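This is a predicted model, so every value here is computed, not measured. A, B, ... follow the sequence lines: proteins, then strands. Residue 1 opens every chain.
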Number of protein chains: 2
Amino acid sequence: MTTSERSLTRIQKRNRAAILEAALDVFSQNGFRGATVDQIAKAAGLSKPNLLYYFPSKEEIFTALLSQLLDSWLAPLRDLNADGEPLEEILQYTRRKLEMSREMPRESRLFANELVQGAPRMIDQLSTDLRVLVDDTVMIFETWMTEGKLARVHPRHLLFSIWSLTQHYADFDVQVRTLMAPDGPMDGAEEFLENLYRKMLTPAN
Amino acid sequence: MTTSERSLTRIQKRNRAAILEAALDVFSQNGFRGATVDQIAKAAGLSKPNLLYYFPSKEEIFTALLSQLLDSWLAPLRDLNADGEPLEEILQYTRRKLEMSREMPRESRLFANELVQGAPRMIDQLSTDLRVLVDDTVMIFETWMTEGKLARVHPRHLLFSIWSLTQHYADFDVQVRTLMAPDGPMDGAEEFLENLYRKMLTPAN
DNA sequence: CGTGAGTTTGACCAGTTGGTCAAATGTTCC
DNA sequence: GGAACATTTGACCAACTGGTCAAACTCACG
């Protein structure tokens with residue numbers, strides 16, 4: 001946030017929020033380059049010059065949106081409790097990520113879109129914030145494994161697997177939907193994932 | 001293929017191939033809308049009008065590329081042998097998909113880009129060709145499970161899991177690379193996946 | 001070689017897009 | 001009620017983009 005929340009007019013608050021909401025819609029559907037400022041403006045119920053009165057450029061809308069979303073996107077991982085029961089913590093995290101695929105598919109696709117094109121506007125945050133968070137998580141995983149509370153697997157690939165197995169349902173929704181029909185796209189997904197991680201991660205005695 | 005391979009000039013063959021190769025590069029990096037005809041032309045070593053002499057439009061380049069690639073992309077799945085040893089067949093398939101992520105990341109990203117944006121130019125093939133192939137595969141999986149040669153899991157989610165766990169490494173390469181450094185992005189991936197599928201799919205006795 | 005078909009190109013066009021600007025309209029607050 | 005400030009808009013612009021076209025050039029082949 002460049003401007004402090006306090007100094008914002010009633011109208012500024014409403015319009016900035018509407019713009020970011022509209023931008024999420026449009027960017028997640030079309031990617032950065034595929035989205036037009038006009039589309040976003042229309043979706044936000046503003047004229048293009050009016051939108052550009054609130055954000056100086058398309059680029060700025062996008063980065064504002066990214067930094068606003070990244071935090072909440074990563075929150076479940078931060079909530080991982082090192083003192084909890086390892087397998088249950090991981091299952092809980094997986095469930096939350098799967099739920100986010102269902103409830104926040106636009107956010108998932110926004111990141112997917114950006115990542116698949118090399119994440120030109122995200123690399124900095126990836127290599128700092130996310131990297132740190134992942135390193136911390138990996139240490140937790142390793143402690144659990146050393147203590148014999150979790151089967152030994154590569155901790156980073158474990159994390160990737162959770163991300164890809166859950167976000168897949170949001171990012172490639174069209175494909176999943178097509179191939180699951182007439183069932184709903186996520187029918188049975190939770191059971192599948194719970195079984196997968198239980199079998200893989202339950203320590204051998 | 002609209003034109004039969006036979007009736008093509010030496011030059012036509014060379015240039016059409018160069019264009020498709022260049023198009024794979026450009027489309028996979030930028031998505032359909034993000035790619036410009038000029039970029040593709042330059043990458044193919046042609047002028048824009050010259051490129052448009054071989055393909056009538058950007059759209060046509062893209063669809064030609066898609067239909068050319070989809071077959072080879074799905075080949076490993078077609079090769080699944082219903083009479084083979086179930087677990088080994090699946091591990092073999094997983095290994096091949098992982099190898100394709102390493103060796104053909106552009107193809108993977110091309111499809112990912114398209115799918116994440118709702119696959120407007122692929123839906124037909126998804127709901128016909130791919131759907132049939134998946135249905136066939138599901139039947140094989142179900143036979144194996146009924147015979148007790150494979151632990152019972154949701155067959156469609158099993159397939160999705162293989163796709164997402166392997167293609168992840170190509171599609172989100174930037175992220176994986178950043179978070180795996182200083183190790184190579186795919187170090188340990190094969191072992192991780194083999195362990196995962198063995199543990200999940202080995203039938204309980 | 002020369003001729004007709006195949007290939008290449010520069011110039012061009014119309015539509016789209018990100019962004020600007022001055023003027024008009026609203027809002028706030030004394 | 002009006003001055004100062006915030007918001008909104010229509011008109012506009014330059015850059016980019018997909019695509020066209022006629023003219024020039026190159027190549028295969030008799």
Side-chain angles (χ1 to χ4, degrees), chain A residues 1-27 29-66 113-114 117 120-121, chain B residues 1-27 29-66 113-114 117 120-121:
Chain A
M1 293 289 151
T2 49
T3 319
S4 80
E5 286 281 334
R6 282 279 151 243
S7 70
L8 293 180
T9 313
R10 174 180 54 90
I11 298 178
Q12 275 168 359
K13 265 186 221 164
R14 169 171 45 84
N15 283 348
R16 287 183 63 101
I19 290 169
L20 289 175
E21 165 65 24
L24 175 55
D25 242 56
V26 175
F27 280 133
Q29 249 174 68
N30 307 102
F32 180 79
R33 200 157 189 294
T36 76
V37 176
D38 243 335
Q39 277 179 317
I40 300 173
K42 206 153 283 176
L46 301 173
S47 65
K48 184 169 63 162
N50 197 9
L51 180 148
L52 289 167
Y53 169 73
Y54 292 99
F55 289 89
S57 70
K58 182 178 166 184
E59 192 82 37
E60 292 266 335
I61 304 172
F62 193 78
T63 55
L65 188 59
L66 271 191
N113 245 315
E114 190 61 10
Q117 294 186 16
R121 298 164 199 85
Chain B
M1 293 288 151
T2 48
T3 320
S4 80
E5 287 279 335
R6 283 279 151 241
S7 70
L8 293 180
T9 313
R10 176 178 53 90
I11 299 180
Q12 273 169 0
K13 265 185 221 164
R14 169 169 48 84
N15 283 349
R16 286 182 65 99
I19 290 169
L20 289 174
E21 165 66 23
L24 175 55
D25 241 56
V26 176
F27 280 133
Q29 249 173 69
N30 307 102
F32 180 78
R33 201 157 188 292
T36 75
V37 177
D38 243 334
Q39 277 179 317
I40 300 173
K42 206 152 285 174
L46 301 174
S47 66
K48 184 169 63 163
N50 197 10
L51 180 148
L52 289 168
Y53 170 72
Y54 291 99
F55 289 89
S57 70
K58 180 179 166 184
E59 193 81 36
E60 293 266 336
I61 303 172
F62 192 78
T63 54
L65 189 58
L66 270 191
N113 245 315
E114 189 62 10
Q117 294 185 18
R121 299 164 197 86

Over how many whole Å does the gap from [X] atom [atom1] to [N] atom [atom2] extend?
{"X": "A/Lys42", "N": "D/dT9", "atom1": "NZ", "atom2": "C1'", "value": "14 Å"}
{"X": "B/Tyr54", "N": "D/dG19", "atom1": "OH", "atom2": "C1'", "value": "18 Å"}
{"X": "A/Tyr53", "N": "D/dT7", "atom1": "OH", "atom2": "C1'", "value": "5 Å"}
{"X": "B/Asn50", "N": "D/dC25", "atom1": "CG", "atom2": "P", "value": "15 Å"}
{"X": "A/Glu59", "N": "C/dG19", "atom1": "CD", "atom2": "C1'", "value": "14 Å"}
{"X": "A/Phe27", "N": "C/dT17", "atom1": "CZ", "atom2": "P", "value": "13 Å"}
{"X": "B/Arg10", "N": "D/dC29", "atom1": "CZ", "atom2": "P", "value": "10 Å"}
{"X": "A/Asp38", "N": "D/dC12", "atom1": "CG", "atom2": "P", "value": "17 Å"}

Does B/Arg121 reach the side chain of B/Glu114, with side-chain heavy atoms less than 4.5 Å apart?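 Side-chain contact under 4.5 Å: yes.
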Hey, does B/Ile61 have a side-chain heavy atom less than 4.5 Å from the side chain of B/Phe27?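 B/Phe27 vs B/Ile61: side chains touch.
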Has the side chain of A/Lys58 got a donor or acceptor atom that lies under 3.5 Å from a matching backbone atom of A/Phe32?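 Flag set: sc A/Lys58 to bb A/Phe32 pair under 3.5 Å.
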Closest approach to the side chain of [X], judged atom by atom: which nucleotide of [options] is it?
{"X": "A/Ile11", "options": "C/dT8, C/dT27, C/dG19", "answer": "C/dT27"}
{"X": "B/Lys48", "options": "D/dG18, D/dT7, C/dA11", "answer": "D/dG18"}
{"X": "A/Leu52", "options": "C/dT8, D/dG18, C/dT20", "answer": "C/dT20"}

Identify, between A/Thr36 and A/Pro49, the residue whose nearest nucleotide on DNA chain C lies closer to the 5' end.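 Nearest nucleotide further toward 5': that of A/Thr36.
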Could you say whether A/Phe32 or B/Gly45 is positioned toward the 5' end of DNA chain C, judged by the nucleotide with the nearest heavy atom to each?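 Looking at DNA chain C, the more 5' nearest nucleotide goes with B/Gly45.
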Atom of B/Leu51, atom of B/Ile40 and distance for their closest heavy-atom approach: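 Taking B/Leu51 first and B/Ile40 second, the nearest heavy atoms are CD1-CG2, 3.7 Å.
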Confirm from the modelled atom types if B/Lys58 and D/dG19 form a donor-acceptor pair under 3.5 Å, side chain to base only.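 Answer no: no donor N or O sits under 3.5 Å from an acceptor.
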Please determine whether a side-chain nitrogen or oxygen atom of A/Gln12 lies at a distance below 4.0 Å from atom OP1 or OP2 of D/dA6.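 Looking at the OP1 and OP2 atoms of D/dA6, neither is under 4.0 Å from any side-chain N or O of A/Gln12.
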D/dT8 phosphate, OP1 or OP2, under 4.0 Å from A/Ser47 side-chain N/O: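 Indeed not, no polar side-chain atom of A/Ser47 lies that close.
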Classify [X] by what it touches in the nucleic acid, base, sugar-phosphate, or nothing, heavy-atom distance under 4.0 Å.
{"X": "A/Ala35", "answer": "sugar-phosphate"}
{"X": "A/Arg33", "answer": "sugar-phosphate"}
{"X": "A/Phe55", "answer": "nothing"}

Determine whether the side chains of B/Gln117 and A/Asn30 contain a donor N or O and an acceptor N or O closer than 3.5 Å.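 Checked: B/Gln117/A/Asn30 side chains show no N/O donor-acceptor pair below 3.5 Å.
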